Amino acid sequence: MRRYDPEEIELKWQSYWQEKGLFLTGRDPHRRKFYCLEMFPYPSGKIHMGHVRNYAIGDVIARYKRMRGYNVLHPMGWDAFGLPAENAAIQHGVHPAKWTYENIDYMKKQLQRMGFSYDWSREVTTCSPEYYKWNQWFFLKMYEKGLAYRKSSAVNWCPSCATVLANEQVIDSRCWRCDTEVQEKELEQWFLKITAYAEELLRGCDELSGGWPEHVIAMQRNWIGRSEGVEMDFPLADGSSSIRIFTTRPDTLWGATFVCLSPMHPLAEKLIEDTARLEQLRASYGNTEDKEGLFTGRYAINPMNGERIPVFIANFVLMEYGTGAIMSVPAHDQRDFEFARRYNLPIRVVIVPEAGLKEPLDAAYEGEGIVKDSGEFSGMKNTDAIKAIGQYIEKKGIGKRVVNYRLRDWGISRQRYWGTPIPIVYCDRCGTVPVPEDELPVLLPENVTLSGTGLSPLAQTEEFINTRCPECGGRARRETDTMDTFVDSSWYFIAYCFPDGEIDIAAALNKEDSEIHYWMPVDQYIGGVEHAVLHLLYSRFFTRVLKELGLVRTEEPFRRLLTQGMVCKETLRCPEHGWLLPEEVDNGRCSKCGSTVIHGRVEKMSKSKKNVVDPDYLIKTYGADTSRLFSLFAAPPEKDLEWSDRGIEGAHRFLHRLWNLVQSKRQQLEAVKDSPLQTSENSMSLYRKTHQSIKKATGDIEQRYQFNTAIAQLMELFNSISSFRPDNDGDWTVLRFSIKSLLLLLSPFAPHIAEELWQAIGEEPSIFEQPWPEWDEEAAREEEIELVIQVNGKVRSKRSVPASLDEDSLKEIALSDEKVQRFLDGRQVRKVIVVRNRLVNIVV
RNA sequence: GCCGGAGUGGCGGAAUUGGUAGACGCAAGGGACUUAAAAUCCCUCGGGGCUUAGCUCCGUGCCGGUUCGAGUCCGGCCUCCGGCACCA
């Protein structure tokens, strides 16, 4: 009998599938389409276990849908621009392009070795001019529509990466990539006006509900951060000017005891003579520890009650949100409360909860209550007063109701080399001029000096900078910033819609029969939750813009989203030598110094913590099928997966047993290939188990994406198969049917072994051209069920009874049961609850 | 602080609509085969108690509620994980 040699069969079938072009995709109007997409990788060098898991999940769905008769688009590509390539160039002197393309070559081989069913003819690589040309094209379209604009603004600057970061890329005031603390810097930047779509992006969230995980939708809503309030002017007492404030709590207007301006507010400089002190305060702007302020010596008039209140500059007031100025109500806002306490400002209660308030307050009361000391609004519920006062303000013309968003425009300028050049030139005569469409792409020059000194590489490349003005033909200078790489990934799912990877966006515009309309939206998107805001929000924004351009018809690019959990592993640590690899541990001791090794938390696999598992090693040791099977079996897709060396052995053992069983019986199985299925008393339970397994596994894959339980069911079916003893030819036909079903059900998870054994029992390849098996509800039904008999909700007896019995018979059986009798002894039966096919509960 | 999510055997995890808690796998223990080991196969496997072929009590983070019946629903806590965080 042949031994199970994963490498041999996996390579064999991978080349078979490729030669046959089994996963190449074309438009087919007669079949329902299914677009299955996994987030494309950054070509960092090698794939990691997170990729294996992500792509294994996607591959199950793609292969399953294909067998279900869908026309499936399942593409793959490379998110190939980005900093690591440039850093590698600086450190090792390799050109970013060479580094990137070599990594792509290696990683592509790895993905192919995993046997994923991609249509490689549609592969996209974002750093190729054929791709980034369209980044530039989209930029120009947005520029035309006023959605791309340049402004000087305070930006997040990462000194280590020597570039600007988007708000979304700053995590706890640190760089998302290198963890360096970000600084603030004033720079001319290009922005995309995502805020123009704030309301639409928010409303679109409702549509996503059901298809996306609720917590991701919540994060998006949160990020957009809509809030309703009013804007109104507080005139200065001397009449020289006025301060426009924004508040969501107009019901507390009578409780305002001072006004605060942001230190960055233009008026701040005018109101403060002592510029040194203002500078000092600006230095603490954004400091969340302490609230500091500066009294301007000026007063403002509260338009609601005519009261004169002091004007402060306060470091906690953000210029970027609302109007950069607030009215302060210390009694009902904790921040104002803290500020008021520090500077001894009055605290006036105007909202009282039912239980009353104890004054002096030790914290602001921010809850609901009844309005007091507020003119005609006194006595109202504050929630009603918010509306009433809003209307009043508008009627009186002293302010207006407005909606504010937390979302900021997307700053896309990066002072780095390895990205898409922004297609703009600056001419002394004509100003800012877009590069004409027919001159695209603006190519990245190859000969650049990558020193890592902080100056943008393109800004030091004369041949690139110097150009002619497209309008007047005079000398002009190119924009030297490149685009944020999130631009690349904001539309790559549309690039895949073009056959043969030949992207021509312009030709697809307003094209009635565009393939984009056929494939979009993505039916199932799969990726890490770390992109819950960044990439997913940008993509939703882009798709809306592209819809207006006439390129797509949908607003939402991703109908369903599955966010897979992280792949984790235990960490090992030596008090002397830090993180340790498993092979650096000897009998619980550090192999370098002999200290007792600390078994740390189970954490996300990372090179720095030395708790990674290399997919190459897994493939070599166990093969692709085992690696896939384990990562799907160990946990449901959305949950974190804890790595287990023993667990992967278990998955391998399962495939090995399956191999041995089928191979040892292949002759008998093949002999009954053309015989009709014939069940008997002996084979009935296996036959039933098979139908039950088809039903259960199909439901788990189709409705719940619960691959772990689907696989568990396949293991159960396998256990039934291996304990079955066929007596005659009829039994062999049932065994053949069960094994065929098992192989079909297993094929999305472990495609190579399924294909090999499919052929071994005399079937024609490919198994992936077979329809998904159907179950027969009748055949799946149990003839006998185990009836549970409870007395007062406690299990007292179990009986095997025919499944067909009606409620009365079940009741009778329960009441006459010997064991049950003991518990009924002399007691009055008050009620009997019968749940058919499950249980009878007798209440006494 | 606010918004999400989760807490079930020694471990990863099942239990789909409120109906037998612990499927499947891993680990562990016992046995078979073997000169031996590995591999493989078979059996046991939540905890306690008893008069131990069996019987019985307890058990899904904690407290309470609804229900004939709660891992599942409701209210209140605790712990852990993730996101946001001076957004007025």
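Values reported hereafter were calculated over all heavy atoms of this structure, with side chains retained and with hydrogens, waters and symmetry mates removed. Residue numbers begin at 1 in each chain, while the letters A, B, ... track the order of the sequences. As the structure is a prediction and not an experimental result, all values here were calculated from the model.
- Counting non-hydrogen atoms under 4.0 angstrom, A:Gln706 reaches the backbone sugars and phosphates but no base.
- Two residues are said to be in side-chain contact when any heavy atoms from C-beta on lie closer than 4.5 Å; A:Trp643 and A:Asp645 meet this criterion.
- Side-chain atoms of A:Lys696 come within donor-acceptor range of the base of B:U16, with a qualifying N/O pair under 3.5 Å.
- Contacts of A:Val832 with the nucleic acid, taken as non-hydrogen atoms under 4.0 Å apart, are absent.
- Looking at A:Gln713 and A:Phe718, their side chains never come closer than 4.5 Å, going by heavy atoms from C-beta outward.
- The P atoms of B:U67 and B:C57 are separated by 24 Å, rounded to the nearest whole Å.
- Side-chain N/O atoms of A:Ser227 include one lying less than 4.0 angstrom from OP1 or OP2 on B:A88.
- Side-chain contact check for A:Thr690 versus A:Ile721: every heavy-atom pair is 4.5 Å or farther apart.
- When each of A:Lys831 and A:Ser722 is assigned the nucleotide of RNA chain B with its nearest heavy atom, A:Ser722 is the one assigned upstream, toward the 5' end.
- Spacing between atom CZ of A:Phe654 and atom P of B:A23 amounts to 17 Å, rounded to whole angstrom units.
- For the C1' atoms, the distance from B:C78 to B:C63 is 10 Å, rounded to whole Å.
- Contact annotation for A:Gly650: backbone-only contact, meaning every heavy-atom pair under 4.0 Å involves sugar-phosphate atoms and none involves a base.
- Ion pairing between A:Glu228 and A:Arg226 holds under the 4.0 Å rule for side-chain N and carboxylate O.
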Using a 4.0 Å cut-off on protein heavy atoms (strictly under), produce a 5'-to-3' string for nucleotides 2-12 of chain B with B for base contact, S for backbone-only sugar-phosphate contact, and - for none. --S-------B
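- Going from the P atom of B:G47 to that of B:C84 covers 43 Å, rounded to whole Å.
- For A:Phe749 and B:C24, the CZ to P distance is 17 Å, given to the nearest whole Å.
- Counting heavy atoms from C-beta outward, A:Trp775 and A:Lys696 have side chains that stay 4.5 Å or more apart.
- With RNA chain B read from its 5' end, the first of the two nearest nucleotides for A:Asn708 and A:Ile326 is the one closest to A:Asn708.
- At a threshold of 4.0 Å, the pair A:Lys387-A:Asp251 does not count as salt-bridged, since none of the basic side-chain nitrogens sits closer than that to a carboxylate oxygen.
- The separation of B:G54 from B:C77, taken at their C1' atoms, amounts to 42 Å, rounded to a whole angstrom.
- Between B:A21 and B:A70, the two P atoms lie 10 Å apart (nearest whole Å).
- Look at the C1' atom in both B:G25 and B:C58: the space between them is 27 Å, to the nearest Å.
- Rounded to whole Å, atom C1' of B:A70 lies 13 Å from atom CG of A:Asn841.
- Only the C1' atoms considered, B:U34 is 31 Å distant from B:C24, to the nearest whole Å.
- In RNA chain B, consecutive stretches of 3 or more Watson-Crick or G-U wobble pairs with both distances under 3.5 Å are given as paired ranges: B:1-7 with B:78-84, B:10-12 with B:24-26, B:28-32 with B:40-44, B:46-50 with B:54-58, B:61-65 with B:73-77.
- Side-chain contact between A:Leu714 and A:Phe749 is present, with at least one heavy-atom pair separated by less than 4.5 Å.
- Nucleotides B:U8 and B:A15 have their P atoms positioned 15 Å apart, rounded to a whole Å.
- Put simply, the side chain of A:Gln821 gets close to the backbone of A:Leu815: a donor and an acceptor are under 3.5 Å apart.
- For B:G9, the glycosidic angle deviates from 0 by 90° or less, giving a syn base.
- Two residues are said to be in side-chain contact when any heavy atoms from C-beta on lie closer than 4.5 Å; A:Gln790 and A:Leu839 meet this criterion.
- Summarising the geometry, the separation between CG on A:Leu658 and P on B:G25 is reported as 14 Å, rounded to the nearest angstrom.
- A distance-only check finds a donor-acceptor pair linking the side chain of A:Thr247 to the backbone of A:Arg249 [under 3.5 Å].
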